[in-house]
There are 2 protein chains.
Amino acid sequence: MPLGTDYAGQDCSLATALEIVGERWSLLIVRDAFLGVTRFSYLHRRLGISKAVLTQRLGSLVDAGVLERRRLDGHDAYTLTPSGEALWPAVHALIRWGDATTSPAGPRRLFRHVTCTADLDASGRCPDCGVTPGAADIETRPGPGARTDPPTDPPTDPVSRRLREPHRLLVPLRG
Amino acid sequence: MPLGTDYAGQDCSLATALEIVGERWSLLIVRDAFLGVTRFSYLHRRLGISKAVLTQRLGSLVDAGVLERRRLDGHDAYTLTPSGEALWPAVHALIRWGDATTSPAGPRRLFRHVTCTADLDASGRCPDCGVTPGAADIETRPGPGARTDPPTDPPTDPVSRRLREPHRLLVPLRG
DNA sequence: CGCCGTGGTCTGTTCATCAGACCAACTGCC
DNA sequence: GGCAGTTGGTCTGATGAACAGACCACGGCG
């Protein structure tokens with residue numbers, strides 16, 4: 001459930017979904033996994049979450065089959081399973097709602113279909129070809145509502161800086 | 001944030017969205033508002049949430065412009081604002097993911113476009129006419145994965161029983 | 001007038017989160 | 001091989017949120 005206990009006895013798939021990804025930080029971890037942030041230390045720094053809680057969340061997401069842990073370039077990496085990738089429509093819808101609700105300057109981040117180079121519409125469809133691409137076929141880049149790099153402190157960390165360059169979803173950041 | 005504090009300094013619309021609807025219970029309250037459950041006492045009973053927390057969540061959702069409180073039939077009713085209705089794609093996507101992940105018997109609840117009587121697809125579109133209807137044009141009914149009414153105790157409360165009959169979203173339950 | 005439902009507030013307890021110290025294993029690097 | 005730094009954690013004590021349940025003011029109804 002979100003937050004530490006469960007939504008017992010609810011005959012509703014939203015409740016069961018929230019039992020898995022509704023806890024504090026869980027969806028932000030999943031978002032970062034879509035963006036390619038897969039390493040414990042990167043997540044720790046980028047999210048500003050305590051290590052104990054991060055350990056716990058990663059463990060429950062792995063147990064739930066949303067993430068899997070593997071070795072990549074000599075480090076542990078937490079990457080999305082097919083079930084985790086299936087969260088993309090929900091993550092995208094929440095991002096769009098957040099943009100519409102809290103970002104008058106426009107989306108903070110844009111997503112486009114790599115084969116058509118057209119930005120996705122609000123429901124996640126490619127307006128050119130009409131398909132609703134999976135995360136693997138989507139490229140992201142900052143949008144008009146993105147905060148411009150603050151020139152002074154806090155000096156943004158290298159991982160967040162690399163996320164400002166256009167890149168494909170699901171591809172783990174290297175180095 | 002979900003859960004009591006905030007996701008400070010995140011330049012991400014998902015984080016800002018979760019600050020509003022990511023707390024424990026918030027999205028379940030919004031779901032019930034889509035289903036027509038708008039009264040304090042109904043929410044209290046259906047969700048099994050403590051009254052103090054329900055009061056707090058309703059207050060912050062009203063403050064955030066997701067719900068509005070009004071008088072209806074001599075009672076208070078918390079209904080969705082346009083901003084709250086815009087959460088439908090996110091709520092629908094999470095329900096679909098929960099169905100796919102935790103309900104092998106099929107969706108626990110089905111949604112169809114009232115003008116076409118066709119069930120929505122995974123991305124929320126009507127397969128007949130191709131539009132992505134808003135919540136006001138959607139009718140819901142139990143699906144194959146719904147738990148059949150437990151014949152013995154706990155005797156289900158009247159509100160949940162009425163939610164098993166097909167009905168349109170956003171229409172407050174009366175009586 | 002008494003009674004019930006509605007929409008809450010208040011209390012004390014339990015549980016989660018927090019920041020930060022600490023640590024074992026592994027990575028280069030020479 | 002020896003040393004330092006990074007990685008991926010665990011453990012601690014303090015803070016804050018959620019819990020169940022008692023309590024309460026108001027309005028409607030007979």
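Order of the sequence lines fixes the chain letters, A, B, ..., with proteins taken first and strands second; residue numbering starts at 1 for each chain.
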Checklist outcome for this item: In whole angstroms, the gap separating C1' of D/dA18 from CG of A/L18 amounts to 17 Å
For nucleotides 21-27 of chain D, list the nitrogen or oxygen atoms of the protein found under 3.5 Å from its nitrogen or oxygen atoms, one pair per line.
none

Listing time: all N or O pairs from protein to nucleotides 25-30 of chain C that are below 3.5 Å?
none

Next on the checklist: Less than 4.5 Å apart, side chain to side chain, heavy atoms only: is that true for B/I29 and B/S26?
Outcome noted: no
Item to check | CG-CG distance between A/L27 and A/D32, expressed to the nearest 0.5 angstrom | outcome: 11.5 Å
Checklist entry - To the nearest angstrom, how far is B/H44 atom NE2 from C/dT6 atom C1'? => result 11 Å
Checklist entry - Reckon A/R45 touches a base, only the sugar-phosphate, or nothing at all at heavy-atom distances under 4.0 Å? => result nothing
Item to check | Summary of salt bridge (Lys or Arg N to Asp or Glu O under 4.0 Å) pairs that have at least one residue in residues 82-107 of chain B, sequence neighbours excluded | outcome: none
Next on the checklist: If you only use heavy atoms from C-beta on, which nucleotide in C/dG7, D/dG9, C/dG8 is closest to the side chain of B/Y78?
Outcome noted: C/dG8
Next on the checklist: side-chain contact (heavy atoms from CB on, under 4.5 Å) for A/L43 and A/I49? Distances and angles first, verdict last.
Outcome noted: CA-CA 8 Å; A/L43 290 166; A/I49 177 179; 5.8 Å; no
Next on the checklist: Does C/dT9 have OP1 or OP2 under 4.0 Å away from a side-chain N or O of B/Q56?
Outcome noted: no
Item to check | First of A/V53 and B/D76 reached from the 5' end of DNA chain C, by closest nucleotide | outcome: B/D76
Checklist entry - Whole-Å distance between D/dT10 C1' and A/L54 CG? => result 13 Å
Next on the checklist: Under the rule for side-chain contact (heavy atoms from CB on, under 4.5 Å), what residues qualify as partners of A/T101, not counting sequence neighbours?
Outcome noted: A/W97, B/I20, B/S83
Item to check | Below 4.0 Å: OP1/OP2 of D/dA17 and any side-chain N or O of B/W25 | outcome: no
Checklist entry - Could you give the CD1-to-C1' distance, from A/I49 to C/dC18, as a whole number of Å? => result 11 Å
Item to check | Sequence-distant partners of B/S123, side chain to side chain donor-acceptor pair (under 3.5 Å), two or more places apart | outcome: B/D121
Item to check | Euclidean distance, atom CG of residue A/L43 to atom C1' of D/dT7 [Å, nearest integer] | outcome: 13 Å
Next on the checklist: Report for the helix from C/dC1-D/dG30 to C/dC30-D/dG1: angle between first-end and last-end helix axes, five pairs each, rounded to 10 degrees.
Outcome noted: 30°
Next on the checklist: Can you tell me if B/R125 has over 12 outside heavy atoms packed within less than 6.0 Å of its CZ?
Outcome noted: yes
Next on the checklist: At less than 4.0 Å, is any side-chain N or O atom of A/R24 found next to OP1 or OP2 of C/dC18? Yes or no.
Outcome noted: yes
Checklist entry - Any donor-acceptor pair under 3.5 Å linking the side chain of A/R24 with the backbone of B/E23? => result no
Item to check | Quiz item: cation-pi between B/R46 and B/Y42, 6.0 Å / 45° | outcome: no
Next on the checklist: The side chain of B/T55 is closest to which nucleotide in this list: C/dT9, D/dC19, C/dA16?
Outcome noted: C/dT9
Item to check | Atom-to-atom span, CD of B/E23 to P of C/dT17 - whole angstrom | outcome: 13 Å
Item to check | Nearest listed nucleotide, side chain of B/R57, among D/dT7, D/dA17, C/dT6 | outcome: D/dA17
Checklist entry - If only atom types and distance count, is the side chain of B/T38 paired as donor or acceptor with the main-chain N or O of B/Y78 below 3.5 Å? => result no
Checklist entry - Heavy-atom distance under 4.5 Å between the side chains of A/R109 and A/L163, does that happen here? => result yes
Next on the checklist: How many whole angstroms separate atom CG of A/L58 from atom P of D/dT7?
Outcome noted: 15 Å
Checklist entry - Is there a donor-acceptor contact under 3.5 Å from the side chain of B/H113 to the main chain of B/G130? => result no
